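Working notes, beginning with the structure itself.
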Protein chains: 2
Amino acid sequence: MADVNVSPAQRAADPPAPPQARSIEGAPAAPLVDIIELLFFAYRNFVSDPDEILARYGFGRAHHRVLHFVHRHPGMRVTDLLDILRITKQSLGRVLRELVDQGFIDSRAGSSDRRQRLLYLTPKGEALARDFIALQSARIERALAECAGPDGRMADAKANARRFLVSMIDAEDRGPIEKLIARAESAADPARAALLRPPARPRGAG
Amino acid sequence: MADVNVSPAQRAADPPAPPQARSIEGAPAAPLVDIIELLFFAYRNFVSDPDEILARYGFGRAHHRVLHFVHRHPGMRVTDLLDILRITKQSLGRVLRELVDQGFIDSRAGSSDRRQRLLYLTPKGEALARDFIALQSARIERALAECAGPDGRMADAKANARRFLVSMIDAEDRGPIEKLIARAESAADPARAALLRPPARPRGAG
DNA sequence: ACATTTACGTCAGCCATGTTGACTTTTTTC
DNA sequence: GAAAAAAGTCAACATGGCTGACGTAAATGT
């Protein structure tokens with residue numbers, strides 16, 4: 001950060017300094033502004049970790065997101081990705097096309113439902129996705145180690161961070177998201193794959 | 001969230017399922033992916049809280065950021081804002097002009113250095129900035145309350161969250177950012193204003 | 001006094017990534 | 001055989017980044 005300093009220059013001279021936002025209508029207001037700002041700065045650093053690598057390929061953050069989720073859910077459908085990213089088909093389309101054209105993603109027709117395009121990473125895509133995860137994980141790991149301290153219980157620090165982040169998510173989204181994360185982690189185990197979205201009842205072709 | 005579910009459809013049928021990214025080269029890799037994703041989902045919810053209000057005025061998130069930091073640092077210079085937001089003068093220029101034109105921000109020439117434009121919120125701008133803070137604070141407060149539990153020590157939960165977020169920030173930025181936050185909080189106290197960026201030695205006109 | 005630097009603003013154009021709306025094709029479902 | 005679903009595509013547009021080039025006023029340095 002070049003400088004995140006507000007010059008105090010004529011702070012004492014000019015200003016009619018509007019009184020600091022005090023508890024209006026009983027709201028506690030002020031005391032959480034630090035968390036608001038820390039989230040802003042922390043997230044900005046966090047997402048910009050991959051930027052240099054992305055630039056090498058002429059990609060942006062949208063490509064990163066697509067790569068990440070396909071990495072985590074190999075064989076996912078385009079619709080699944082749209083649900084996760086919450087963008088339009090057209091927005092995703094562009095990014096996806098570039099990733100396919102440049103050989104990072106492989107898109108194959110589903111066998112039980114041939115309308116579907118199932119998405120997989122190529123080895124090249126896998127390597128890139130892993131690079132991103134390594135980068136961002138390194139930041140998180142350093143942070144958790146600091147939170148834990150030298151005698152640290154990293155696991156506790158992680159549990160705290162995780163609980164906080166989950167609680168920051170809209171209540172109705174938490175279940176699906178936690179299941180999404182859990183399912184991805186056991187992706188190698190096809191037996192545990194059927195958890196949500198009523199199994200699409202493979203009836204026609206199945 | 002409409003649906004963050006990856007269809008398990010032909011998960012078991014099709015895939016050559018590339019083996020789940022395992023610790024390569026000794027890196028622990030995998031176990032922090034949940035935090036990576038939770039950060040993504042949590043931050044997305046967090047920043048979209050103000051969207052509905054912003055839309056009413058035809059504003060976007062860039063306007064929110066400007067409003068927020070001017071609210072926190074009344075009388076700040078344009079350059080200060082550029083340092084904080086890390087965008088170009090031209091990018092800031094557009095949003096700033098709209099905010100000034102529509103009467104949310106008041107820009108006055110500095111008295112000791114008349115090249116400067118010192119930024120203040122109008123009452124209208126103050127009200128809006130407070131609305132945003134109230135919205136986002138509410139989310140954070142709910143989250144911390146959940147972390148703390150019913151018998152909860154909210155203060156501990158907050159301290160944990162804060163420590164984690166600070167640690168997620170690039171080491172060299174932490175000092176400046178923490179000072180920035182601290183200074184804003186004591187903005188009503190001009191005596192404590194002079195902390196960073198050598199006081200601009202008001203020599204010429206002063 | 002004069003040259004330089006700083007703070008700010010602005011024009012013009014480009015890029016990335018989001019949006020709507022309309023329409024097609026293929027395939028599955030009813 | 002009709003309807004619905006999955007995916008792709010074209011066109012047009014908005015937002016918010018970016019670079020480069022200038023202009024002007026005021027402060028600074030010699």
Side-chain angles (χ1 to χ4, degrees), chain A residues 3 6-7 9-10 44 47-48 51 54-55 57-66 75-83 85-101 105 107-119 197-206, chain B residues 3 6-7 9-10 44 47-48 51 54-55 57-66 76-83 85-101 105 107-119 197-198 200-206:
Chain A
D3 244 339
V6 176
S7 162
Q10 48 299 89
R44 184 171 66 180
V47 295
S48 65
D51 281 356
L54 285 164
Y57 299 92
F59 288 156
R61 287 172 192 173
H63 301 82
H64 176 197
R65 292 193 285 273
V66 169
M76 79 192 305
R77 300 174 307 162
V78 171
T79 303
D80 298 329
L81 203 40
L82 290 176
D83 282 343
L85 298 177
R86 288 191 179 170
I87 58 177
T88 57
K89 194 174 34 162
Q90 296 87 331
S91 289
L92 175 57
R94 273 182 309 216
V95 173
L96 201 46
R97 191 186 327 126
E98 293 172 349
L99 287 167
V100 170
D101 287 351
I105 286 187
S107 156
R108 322 177 200 166
S111 62
S112 67
D113 183 338
R114 306 205 8 242
R115 291 171 304 180
Q116 301 176 352
R117 291 290 175 273
L118 307 186
L119 306 173
R197 192 200 290 261
R201 289 177 295 150
R203 218 184 60 164
Chain B
D3 242 339
V6 176
S7 162
Q10 49 296 90
R44 185 171 66 179
V47 295
S48 66
D51 281 356
L54 285 164
Y57 299 91
F59 289 156
R61 286 171 194 173
H63 301 81
H64 175 197
R65 292 193 285 273
V66 170
M76 80 192 305
R77 300 174 308 162
V78 171
T79 303
D80 298 328
L81 204 39
L82 290 175
D83 282 343
L85 298 177
R86 289 190 178 171
I87 58 177
T88 57
K89 194 173 38 161
Q90 296 87 330
S91 291
L92 175 58
R94 275 182 308 215
V95 283
L96 200 47
R97 190 187 325 128
E98 293 172 349
L99 287 166
V100 170
D101 287 352
I105 285 187
S107 155
R108 322 178 200 165
S111 62
S112 69
D113 184 337
R114 307 208 6 241
R115 291 171 304 179
Q116 301 176 351
R117 291 290 174 273
L118 307 186
L119 305 174
R197 191 200 291 262
R201 290 177 292 148
R203 216 183 60 161

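Side chains are part of it too, since the values below use all heavy atoms of this structure and drop only hydrogens, waters and symmetry mates. Please read these numbers as outputs of a predicted model, since none were measured by experiment. Each chain gets a letter, A, B and so on, in the order its sequence line appears, and its residues count up from 1.
In this structure, His64(B) atom NE2 and dT15(D) atom P are separated by 18 Å, rounded to whole Å. Atoms CG (Leu119(A)) and C1' (dA6(D)) sit 12 Å apart, rounded to a whole Å. Between the CG atom of Leu85(B) and the C1' atom of dC18(D) there is a distance of 15 Å, given to the nearest Å. To the nearest angstrom, C1' of dG17(D) lies 15 Å from CG of Leu81(B). One atom, CZ of Arg61(A), and another, P of dC15(C), lie 19 Å apart when rounded to the nearest Å. Taking atom CG of residue Asp51(A) and atom C1' of nucleotide dG17(D), one finds them 12 Å apart after rounding to whole Å. At whole-Å resolution of the value, CG in Leu82(B) and C1' in dG17(D) are 13 Å apart. Arg117(A) has its CZ atom 14 Å from the C1' atom of dT28(C), to the nearest Å.
Residues passing the side-chain hydrogen bond (donor to acceptor under 3.5 Å, both in side chains) test with Ser107(B): none are found, sequence neighbours excluded. Partners of His63(B) according to the side-chain hydrogen bond (donor to acceptor under 3.5 Å, both in side chains) rule, which considers only residues two or more places apart in sequence or in another chain, are Glu98(B). In this structure, the side chain to side chain contact (heavy atoms under 4.5 Å, CB included) partners of Arg65(A), at least two apart in sequence or on a different chain, are Arg61(A), Ala62(A), Leu85(A), Phe40(B). Residues satisfying the side-chain hydrogen bond (donor to acceptor under 3.5 Å, both in side chains) criterion with Ser48(A), sequence neighbours excluded, are absent altogether. Arg115(B) meets the side chain to side chain contact (heavy atoms under 4.5 Å, CB included) test with Asp113(B); sequence neighbours excluded. Here Arg114(A) pairs with nothing under the side chain to side chain contact (heavy atoms under 4.5 Å, CB included) rule; sequence neighbours left out.
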Please step through side-chain contact (heavy atoms from CB on, under 4.5 Å) for the pair Phe59(B) and Val95(B), ending with a clear verdict.
CA-CA 9 Å; Phe59(B) 289 156; Val95(B) 283; over 6 Å; no
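For Val78(B), whose side chain is taken as the heavy atoms from C-beta onward, the closest listed nucleotide among dA7(D), dC8(C), dA21(D) is dC8(C). Across dG9(C), dG18(C), dA12(C), the shortest atom-to-atom separation from the side chain of Ile87(A) is found for dG18(C). Closest approach to the Gln116(B) side chain among dA7(D), dG16(D), dC8(C) is made by dC8(C) (side chain taken as heavy atoms from C-beta onward). For Thr79(B), taking side-chain heavy atoms from C-beta onward, the closest of the listed nucleotides dG17(D), dA7(C), dG18(C) is dA7(C).
Closest approach of Arg77(B) and Asp80(B) over heavy atoms only: N-OD2, 2.9 Å. The two residues Asp51(A) and Val47(A) come nearest to each other via the heavy atoms OD1-O, 3.7 Å.
Going from atom CG of Leu82(A) over to atom CG of Leu92(A) covers 5.0 Å, rounded to the nearest 0.5 Å. Distance CG/Asp101(B) to CG/Leu96(B): 9.5 Å, rounded to 0.5 Å.
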Do any N or O atoms of the protein come closer than 3.5 Å to N or O atoms of nucleotides 23-26 of chain D, and which pairs are they?
residue : atom : partner   : partner atom : Å
dA26(D) : OP1  : Arg114(B) : NH2          : 3.3

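At least one side-chain nitrogen or oxygen of Ser91(B) sits closer than 4.0 Å to the OP1 or OP2 atom of dC18(D). For dA16(C), the OP1/OP2 oxygens have no side-chain nitrogen or oxygen of Arg65(A) closer than 4.0 Å. At the phosphate of dG16(D), OP1 or OP2 sits under 4.0 Å from a side-chain N or O atom of His63(B). Residue Thr88(A) places at least one side-chain N or O closer than 4.0 Å to OP1 or OP2 of dT19(C).
With contacts defined as side-chain heavy-atom distances shorter than 4.5 Å, the pair Leu54(B)/His64(B) qualifies.
Computed from C1' positions of five pairs at each end, the angle between the two local axes of the helix from dA1(C)-dT30(D) to dC30(C)-dG1(D) equals 30°, rounded to 10 degrees.
Gln90(B) contributes a side-chain N or O that forms a donor-acceptor pair with the base of dG20(D) under 3.5 Å.
Of the residues in residues 92-100 of chain B, Arg94(B) come within less than 4.0 Å of DNA chain D through at least one heavy atom, sorted by number.
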